[in-house]
Amino acid sequence: MKIVVCIKQVPATNDAKIDPETKRIIREGLKAIMNPFDTYALEEGVRLREKLGGEVIALTMGPPKAEAVLREALAAGADRGILLSDRAFGGSDTWATSYALAKAIEKIGDVDLVICGKQAIDGDTAQVGPGISAHLNWMQAASVMAVEQVDESCITVKRMHEEGHDICKMQLPAVLTVVKDINTPRIPSLKGRLAAQKAQIPVWKPEDIGADPDKLGLNGSPTRVVKTQPPDPRQTDTIRIEGTAQECARALVRELRLRSLV
Amino acid sequence: MLHHIQNKIYHVEILPPKQESEKLEKDLELFAQKYTRVMESGYCACITDNAMGNLSFQGTEMIQELELPVIPEQVMIHLNTFHTKENLDEILNDCVNLGIKYLLIISGDGSERLPKLKPSDIGVTGSESVTSVELLQYIRREYAGKFVLGVAFNPYEPPEHEFEKMERKIAAGATFIVTQPLIEKNAVVDRLLEKYPDIPVIVEAWMSKKLYLLSEAVGYTIPEDQDYDPIATLKMLHQTYPQCGVYLALLGFKRQYDLIKDIWV
Amino acid sequence: MLTLTDIERKEYSNIWVVAEVSSGAVQPVTHELIGAARELADARKSEVWTVAMGSDISSDAKSLFAYGADKVIVVDDARLDGIQDEVEAKALVRLINKYKPEVVLCAATVKGRALIPRVAVMANCGLTADCTGLSIDPENGDLLQTRPAFGGNILATIRCSNHRPQMATVRPRVMKAPEPDRGRQGEIISECILDTDADKVKKIIEIFHSSEATLNLSDARIIIAGGRGMKGPEGFELLKKFASRVGGAVGASRAAVDAGWIPYTHQIGQTGQTVQTTLYIACGISGQIQHLVGMQSCDVIVAIDKVPDTPMMQMADIAIVGDLFEIVPEILNELPKL
Ligand SMILES: Cc1cc2nc3c(=O)[nH]c(=O)nc-3n(C[C@H](O)[C@H](O)[C@H](O)COP(=O)(O)OP(=O)(O)OC[C@H]3O[C@@H](n4cnc5c(N)ncnc54)[C@H](O)[C@@H]3O)c2cc1C
Ligand SMILES: Cc1cc2nc3c(=O)[nH]c(=O)nc-3n(C[C@H](O)[C@H](O)[C@H](O)COP(=O)(O)OP(=O)(O)OC[C@H]3O[C@@H](n4cnc5c(N)ncnc54)[C@H](O)[C@@H]3O)c2cc1C
């Protein structure tokens, strides 16, 4: 089975800054890590390969230093990594990101399964996985919490949703996005980490994946971030409720109803 | 453990490199240097386990990869509850094979990235989660007679809870205690010493000048003096707690290391 | 990429809402979206249309007029069993191309977040996720979409000037549902699926419904969290009851986790999870900094503690002083019965 795992490098902290001029994230100075959801996607890919044989390819689009997440993926069990990196990819929204990743997946060829994290912790949209699937015109299953069965032509997965979960069977090739319940990602060993440091990681440019330049990066992105601001500060005045237990409970429920929270 | 105290053997903390390290080779080299130095001084090297929830390499794999010598009396491995069952057994078996016998069993700090032992992993019933107590019970049961097990004591937590928990840790097989760092005489530790006169207690000395880091490590704000003098504090600890061993946290290997050799005499 | 001229842009009108259909019924979040769409449509002097796709939903679809829909497109087909993102996406794209809406809103539910990115890619248009604010530029019809990103640390405003329709998702309970006007009438348009993936298999094997509070912390809208003040695992049973009554998840401080009262997966804070819910109720948690960093960006924080001035009580929007073992059961009494 040939599996591609899409991995995004994201800033580690929760207080990332955005450049007021370019409206882009200032990534300098922030620790960059593998998107937490993608560690689960990778682990699932590696487990499937361990069970079924085949190959796990870690794919990322990002600046040259995004190579680090591919090395981390190699240390954690991926067979090889591919970095999509070029100025032309810069400023991509989810449309253009999923287009570029889909073109790379086509270029890799004969891929049976693409696994993405449910969402990235910076952009937070959860749109790239289904987007890739749309560009490829493949089947998709989002918020997957277990892979139940895989055979030549089909995959059966358990999906999580608001009212519980369901099990569905669909045709391969397909795209999955996974939630954290799916597995417990392994921690790379020192040996694995040292070996990964020596691996060759190819860098693919737009021409390598046969991409239409008009569909890449800022050009190819229908959305524009036109303004960013910090959220409204917390209100500081606390409403205090005292009295008998029943009075307190009534007052609270009234407050919560007023704010339509319950 | 008692003879560590009698023979004035310091416990020197060493942190393995973090997984995310961008200069891994250099970190490995530094680790090897520190470890070797501690061995040569006759002290005991204490290797942390993902301290503060920071994803790091394991002490056992460091020793194996760097082919460091293990002198059984001079190595202590911290082991917390943030492991998969497989990984836990791998570490314990590595310890047995390497001849490491001192383990400091702690609940430890987690992070999003660290797995956590589940009660069912280690045959625990009647608790929702695995703490140092359950881990102790597991090791004592599955690795009977292989290790000398110690536990941590946090005098900054509400004492009733901490003493109640210590009772359970001792019942589960702990035979020595390491406290959180002390920067002055501590009434809760005094009470601990009174309560367990027969159990060796090792007090931790905070060897960094940065006291705010200590507050972060213990979870309670430690009032900061203008000038914190780690060496003076270490001397004070020896005087105040002559019956205790001493664990050196964040010891500076460049400048401080040479100063400590004449302090515990 | 294909962009629109001014003339082409003018061909697009009306505000659409994609109804959230699950278990064969239109879900309440649809009413909230219609409320938001109504305001946008009034500003543009255009109409609100709702698209309801599912199996056996025609009768439910009529109820949407009461909330402000002018027209409802119904795609009622037994094959739409809730997992056919591919088929629904194709149907929706065809309708979009046929009727040319200016804006399409969809619920940011598990289902909506899977379906609508697919539609946006196929329809060549931009999609803004999890909007908390929507307004329209009267000059050119551009939708100004505000959304939090970076775990709530930044509010971004997003435009898609050169593409129509402009698509956005909104989380449940972010917008307020309007009071229904039962007398309000509208027009039903029946459409059908032309294009299926008949050559491909995708079928439901099993469906499980759970009413238990098994929600993930990261997906929860409400978290009821407990600390050392919960005294033991029984205390957490009380909180589980509380959480399932409000459709929330249970969180915990490290003190409670270390005591073995609740698994680590529930721990919130520096060495646990970071959460950002619309409501966070802290019961018997004093609020040490290591805990606060994990939940400080929740929208509304409620604290219950017998000590009036703990850090948590000071940070809270609503602070209740008293014994939680008396207060929480009373809250359960006061909450609407399910
Ligand atoms: C403040 C802000 C707001 C934004 N809002 C929007 C918006 O509303 N709509 C929009 O279209 N764009 C938006 N963007 C742009 C968006 O963040 C980028 O397009 C980004 O490349 C992908 O989106 P995401 O981070 O949301 O990823 P998600 O869709 O949340 O990621 C899901 C999964 O896709 C895979 N994946 C995502 N990116 C990559 C990658 N580069 N390489 C490999 N795999 C990847 C991973 O498996 C990941 O787990 C916004 C950006 C910022 C800074
Ligand atoms: C490195 C490190 C990482 C840490 N990471 C985390 C973390 O991720 N998450 C975390 O939570 N903590 C973390 N901590 C621990 C943190 O410092 C605190 O010790 C912990 O949060 C305290 O938990 P608590 O508020 O439940 O307990 P306490 O501080 O003991 O508070 C209990 C509260 O319950 C109240 N109470 C008691 N009985 C009742 C009653 N009947 N009715 C009403 N109120 C009552 C009390 O008045 C008190 O305010 C970390 C600490 C360290 C050192």
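Hydrogens, waters and symmetry mates play no part in the numbers below; they use all other heavy atoms, side chains included.
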### Residue part contacting chain C, namely of A/Arg254, when any heavy atom lies under 4.5 Å
neither
### Any residue of residues 131-145 of chain A which, by heavy atoms, sits under 4.5 Å from chain C
A/Gly131, A/Ser133, A/Ala134, A/His135, A/Asn137, A/Trp138, A/Met139, A/Gln140, A/Ala142, A/Ser143
### Message
Within the structure provided, determine whether C/Ile222 and A/Leu261 are in side-chain contact (heavy-atom separation under 4.5 Å).
### Response
no
### Portion of A/Val253 that has a non-hydrogen atom of chain C nearer than 4.5 angstrom
side chain
### Message
Just so I understand: if I count every heavy-atom pair under 4.5 Å between each of C/Gly126, C/Ala303, C/Pro117 and chain A, which residue has the most?
### Response
C/Pro117
### Task
Determine whether C/Met313 and A/Thr238 make a side-chain contact, defined as any pair of heavy atoms from C-beta on separated by less than 4.5 Å.
no
#### Entry: A/Glu148, part contacting chain C, at a heavy-atom distance under 4.5 Å
neither
#### Entry: A/Glu255 portion near chain C, given a 4.5 angstrom heavy-atom threshold
side chain
### Summary
Interface check, chain A: of C/Ala177, C/Ala129, C/Gly322, most non-hydrogen pairs under 4.5 Å belong to C/Ala129
## Note on the structure
Closest non-hydrogen contact found for C/Arg113 with A/Thr125 is NH2-O, 4.0 Å
### Query
C/Pro329 versus chain A, heavy atoms under 4.5 Å apart: side chain, backbone, both or neither?
neither
### Message
Measuring only between side-chain heavy atoms, which start at C-beta, is A/Ile241 closer than 4.5 Å to C/Ile318?
### Response
yes
### Message
Quick check for you: among C/Val302, C/Thr146, C/Ile204, which has the greatest number of heavy-atom pairs under 4.5 Å with chain A?
### Response
C/Ile204
### Query
Has A/Arg87 got more than 12 heavy atoms of other residues, nucleotides or ligands less than 6.0 Å from its CZ?
no
### Side-chain touch A/Thr228/C/Leu155, heavy atoms, less than 4.5 angstrom
no
### Query
Side chain, backbone, both or neither: which part of C/Glu86 has a heavy atom under 4.5 Å from chain A?
side chain
### Message
Which atoms of A/Ser153 are under 4.5 Å from chain C, going by heavy atoms: the side chain, the backbone, both sets, or neither?
### Response
neither
### Query
Is there side-chain contact between C/Ile207 and A/His165, with heavy atoms separated by less than 4.5 Å?
no
